[in-house]
Amino acid sequence: MKINIEKIRKDFPVLHQEVNGKPLVYFDNAASTQKPKVVIDRIANYYANEHSNIHRGVHSLSAAATEEYEAARKTVQAHLNATHDHEIIFTKGTTDGINLVANGFRSILKEGDEVLISELEHHSNIVPWQMACEGTGAKLKVIPINDQGEWIMEEFHNLLSDRTKLVAVNHVSNALGTINPVEEVIHAAHSKNIPVLLDGAQATPHMGVNVQDLDCEFYALSGHKLFGPTGIGVLYGKEDWLNKLPPYQGGGDMIKSVSFEKTTYNELPFKFEAGTPNIAGVLGLKSAIDYVTAIGLDVIAEYEQELLEYGTEKLSQIEGSKIYGTAKNKASVISFLLEGIHPYDTGTILDKLGIAVRTGHHCTEPIMTRFGIPGTVRASFAFYNTKEEIDKLYDGILRVKKMFG
Ligand code: PMP
């Protein structure tokens, strides 16, 4: 099946506007994706007609909201192919999910233990582990990357040891687009009984993810990168691991009973969902998942690969342009620099032309340090983008070069 681009673009109201007098070209999808009308309508309808707090009320509105909320959990379960719906924890996003696990590992890690991450991580998969290590005396170890922006797998295998208590790595890199060989990592880690957490923030918008096939212990994602609302995300965890970890936050919903002498915690998934959750966000996320499922994640992946190839070829034609992240296996992200031109200047001129790209370190300062650069210009494509838009980017870059070259 081919993508029906005209129909799809109509589904996204935000795309049909002018920015600085030019039709918007939105190439900042790795930072956050736009929302189809079904998602926006779902949230509006919830607040207009259905709102009530969940899990607590006997009245009809509350029961209906609870049912919708729990139905969304089942949608996510099916989307990720988790074994149980109680392995799906609703969080604020990827950052929140990683922090939940890192907080739990504070009660597991001891002096001399190691947490293995990679040089390719977003800050949200570095800092929580640094904090956990600081509090426990454990050490952070880092898989280095090569010039293409790929993990050096030999080094990974050397770093994996009996001291490693967790491997926490990203599935797809936000800064360079590398699709990482997580299967090999999980296989090697499991041969030493080491659990693996995957940061799936950038994988889930581009590909189908099957957590049972992957066999990872934890998988974190963000709703807003998956065409859903901000402030909502998912942490998948294997049942036995979620049972092993202590609660992240205390409060309502996460308890079975409370007295001043002793509190007993609720079972999964509620143990990790303290307080009134983001009900509208959960319902919006369900709509977003239904939307991309209807298009087909394989159809999306194929079309985005076409955009990536086209964009890479166009940008490579420009003299003085250098692409950072040239892995064999890549998602639709192109990070680049123009010789002698600061990324902020490039981004500012492109914005004047209505083209939204991201500039800077993309919350991955260690990658920029690795390449000895202050940051990059990043164009990241979603399935609502077109080759014509990439042509506009190409023309825009020529304009930037003329101004600053
Ligand atoms: N990991 C990766 C790879 C990301 O791209 C991002 C978002 N840029 C995050 C984690 C953090 O996601 P969020 O800000 O939605 O929590």
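Counting starts at 1 for both ligands and their atoms, in listed order. Below, all heavy atoms of this structure are taken into account, side chains as well, without hydrogens, waters or symmetry copies. Throughout, numbering of the chain's residues begins at 1 and tracks the sequence.
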| Is Lys35 salt-bridged to Asp41, cutoff N-O under 4.0 Å? | no
| request: Please could you name the atoms of ligand 1 that Gln202 approaches to less than 4.0 Å, counting only its heavy atoms? | output: 3 (C), 4 (C), 5 (O)
| task | Classify the ring geometry between Phe383 and Phe227 as parallel (under 30°), tilted (30 to 60°) or perpendicular (over 60°). | result | tilted
| Identity of the nearest option to atom 14 (O) of ligand 1, non-hydrogen atoms only, from Thr91, Val333, Thr95 | Thr95
| message | If the contact criterion is a heavy-atom separation under 4.0 Å, does Ser124 count as touching ligand 1? | response | yes
| field | Lys225 neighbourhood, listing ligand 1 atoms whose heavy-atom distance to it stays under 4.0 Å | value | 5 (O), 6 (C), 7 (C), 8 (N)
| remark: At under 4.0 Å between heavy atoms, what of Lys92 touches ligand 1? The answer is neither
| Pairwise side-chain hydrogen bond (donor to acceptor under 3.5 Å, both in side chains) hits with a residue in residues 342-354, at least two apart | Asn20-Asp351
| What about Phe27 and Phe381, are their ring centers closer than 6.0 Å? | yes
| field | atom 4 (C) of ligand 1: nearest protein contact (heavy atom, Å) | value | His122 CD2, 3.4 Å
| task | Answer yes or no: does an N/O atom from Asn170 fall short of 3.5 Å to an N/O atom of ligand 1? | result | no
| With a 4.5 Å heavy-atom cut-off, do Tyr303 and Lys2 have their side chains touching? | no
| task | Considering the heavy atoms of Ser222, write down every atom of ligand 1 situated less than 4.0 Å from one of them. | result | 12 (O), 13 (P), 15 (O), 16 (O)
| query | Salt bridge or not for Asp395 and Arg399, using N-O below 4.0 Å? | reply | no
| Between Asp199 and ligand 1, which residue portion shows a heavy-atom distance shorter than 4.0 Å: side chain, backbone, both, or neither? | side chain
| message | One residue to check: His362. Relative to ligand 1, which of side chain, backbone, both or neither has a non-hydrogen atom less than 4.0 Å away? | response | neither
| task | Could you pull out the closest heavy-atom pair between Leu116 and Val142, with the gap in Å? | result | CD1-N, 4.0 Å
